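Here is the structure we will look at.
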Amino acid sequence: MEHTQTYDGSTALGEDGSTAADGNRLVGSDRVLAVLKQLARYPEGVGLEELTRVVASPKPTVHRALGALRRAGLADQGARGRYVLGDEFLRMAFAHHEARPEQVRLQPVLEALAHRFGETAHYAVLDGREIVYRAKVDPPTGAVRLTSTIGGRNPAHTTAVGKLLLAGRLGGEDEVAAWIGDRPLERRTARSSGTAAVLHQELVVTRERGYGLDDQENETGVNCLALPVYPTSPTVPSGAVSVSALAYRTPLAALVDALDEIRALLGPLGEPYT
């Protein structure tokens with residue numbers, strides 16, 4: 001079956017679960033969800049004209065989708081006619097995030113790491129070709145901080161968390177090549193992995209040492225060390241905790257030297273159990 005690609009590359013499904021069959025047109029609930037996702041990109045609001053252009057659907061179609069979202073409390077329209085995410089959506093999102101068992105259990109660990117190193121601590125999970133940040137704690141002091149956000153994403157192959165989690169899922173170079181597929185690896189910096197062979201070798205080393213490293217591969221001037229955590233499964237890590245540091249302030253070697261201390265701060269959450 002030929003799948004239709006939506007504006008962001010995902011497969012568009014019809015209201016009955018089938019794929020759309022006419023170009024790139026979004027149909028049914030996919031259209032409403034596409035509008036909802038775009039609203040999240042405009043915290044100060046967006047007008048109907050611009051939203052129509054971004055979603056690439058007719059204005060009446062986008063207007064109906066906005067109407068459905070407004071009736072559900074998931075979108076609001078301000079006095080200037082600009083649309084924003086609704087309070088009900090935000091309430092649900094924050095309530096769900098705060099109720100995540102792993103986030104609640106890992107928060108004290110992230111706070112301890114941020115305080116100890118004076119750098120940013122993250123908890124992130126693997127989602128396809130990307131990692132998603134589920135929790136973040138900035139250092140208590142320091143004028144320069146990272147721009148990462150909860151819910152934000154980065155390529156898995158350029159991050160310490162991503163490489164650590166991929167190392168547990170991809171074995172041989174053929175599996176790495178299959179994971180990459182026909183989409184080339186994005187090179188965020190000159191140090192990023194660009195081929196299946198290079199990434200495979202990095203995953204082999206990561207698997208052997210038991211922790212992930214990012215030596216300015218995702219962002220110039222920022223390095224990172226990541227360790228797996230097991231808050232929801234006795235044997236499979238749900239994600240990884242990382243310390244992301246400004247290289248001039250905390251060199252990567254300093255994080256590696258503090259590996260035992262980081263493991264101690266993770267405590268039982270950093271160890272599989274039976």
Side-chain angles (χ1 to χ4, degrees), residues 1-3 5-6 8-11 19 102 106 121-135 148 152-220 222-245 247 252-253 255-260 262-263 266 268-274:
M1 178 180 294
E2 182 179 355
H3 286 195
Q5 296 300 307
T6 66
D8 62 353
S10 60
T11 302
T19 56
E102 65 268 30
L106 288 165
H122 294 105
Y123 168 61
V125 300
L126 185 66
D127 183 19
R129 292 171 65 99
E130 299 175 314
I131 62 162
V132 182
Y133 297 107
R134 289 278 179 82
S148 54
R153 294 170 176 265
N154 269 316
H157 69 283
T158 65
T159 61
V161 167
K163 287 189 288 183
L164 175 66
L165 298 177
L166 286 175
R169 300 190 184 191
L170 303 178
E173 187 175 337
D174 56 337
E175 293 184 26
V176 176
W179 178 79
I180 294 173
D182 57 2
R183 296 171 56 190
L185 292 174
E186 178 185 0
R187 301 201 69 189
R188 300 293 294 269
T189 75
R191 302 189 182 194
S192 304
S193 298
T195 67
V198 172
L199 179 58
H200 167 62
Q201 187 55 42
E202 287 195 37
L203 297 185
V204 170
V205 173
T206 299
R207 198 159 39 240
E208 290 174 349
R209 68 188 174 206
Y211 59 90
L213 294 178
D214 162 13
D215 187 6
Q216 303 186 56
E217 298 156 53
N218 188 66
E219 183 177 353
T220 300
V222 178
N223 52 43
C224 183
L225 182 148
L227 285 167
V229 287
Y230 304 80
T232 60
S233 168
T235 57
V236 179
S238 64
V241 162
S242 67
V243 179
S244 299
L252 188 59
L255 293 178
V256 175
D257 289 344
L259 183 62
D260 289 342
I262 296 173
R263 285 194 169 121
L266 289 178
L269 290 172
E271 296 290 340
Y273 56 94
T274 58

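Because the structure is predicted, anything quoted here is derived from the model rather than measured.
- The pair Lys163-Asp214 does not meet the salt-bridge criterion, since no charged nitrogen lies less than 4.0 angstrom from a carboxylate oxygen.
- In this structure, Pro155 and Arg188 approach most closely via the heavy-atom pair CD-NH1, 2.8 Å.
- With a 4.5 Å cut-off on side-chain heavy atoms, Val205 and Glu202 do not count as touching.
- Note that CG of Leu165 is 10.5 Å distant from CG of Leu203, once rounded to the nearest 0.5 Å.
- A pairwise comparison of heavy atoms in Arg134 and Glu102 identifies NH1-OE2, 3.1 Å as the closest pair.
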Run the side chain to side chain contact (heavy atoms under 4.5 Å, CB included) test on Ser238 and Tyr123 for me, step by step, so that the C-alpha distance in whole Å, both residues' side-chain angles and the decisive distance to 0.1 Å come before the verdict.
CA-CA 10 Å; Ser238 64; Tyr123 168 61; 2.8 Å; yes
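- Closest heavy-atom contact between Gly212 and Leu164: N-CD1, 3.9 Å.
- A distance of 9.5 Å separates OG in Ser244 from CD in Glu219, rounded to the nearest 0.5 Å.
- Side-chain contact check for Trp179 versus Leu199: some heavy-atom pair is nearer than 4.5 Å.
- Going from atom CG of Asn218 over to atom NE2 of His157 covers 8.5 Å, rounded to the nearest 0.5 Å.
- For the side-chain hydrogen bond (donor to acceptor under 3.5 Å, both in side chains) with Arg191, the qualifying choice from Asp215, Thr220, Thr158, Asn223 is Asp215, the only one to do so.
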Mind running side chain to side chain contact (heavy atoms under 4.5 Å, CB included) on Leu227 and Val241 for me, showing each step along the way?
CA-CA 6 Å; Leu227 285 167; Val241 162; 5.8 Å; no
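- Contact record, Arg153 with Tyr133: N-CD1, 4.5 Å, taken as the closest heavy-atom pair.
- With values rounded to the nearest 0.5 angstrom, Ile131 atom CD1 is found 9.0 Å from Ser148 atom OG.
- Listed for the Arg187 side chain is a donor-acceptor partner under 3.5 Å among the backbone atoms of Ser192.
- Interatomic distance, Gln201 CD to Thr206 OG1, rounded to the nearest 0.5 Å: 9.5 Å.
- In this structure, CD on Glu217 lies 12.0 Å from CG on Asn154, to the nearest 0.5 angstrom.
- Among all heavy-atom pairs drawn from Tyr211 and Val256, the shortest one is OH-CG1, 3.8 Å.
- Nearest heavy atoms, Gly210 versus Pro228: O-CD, 3.8 Å.
- Without hydrogens or angle criteria, Arg207 side chain to Gly168 main chain gives no donor-acceptor distance under 3.5 Å.
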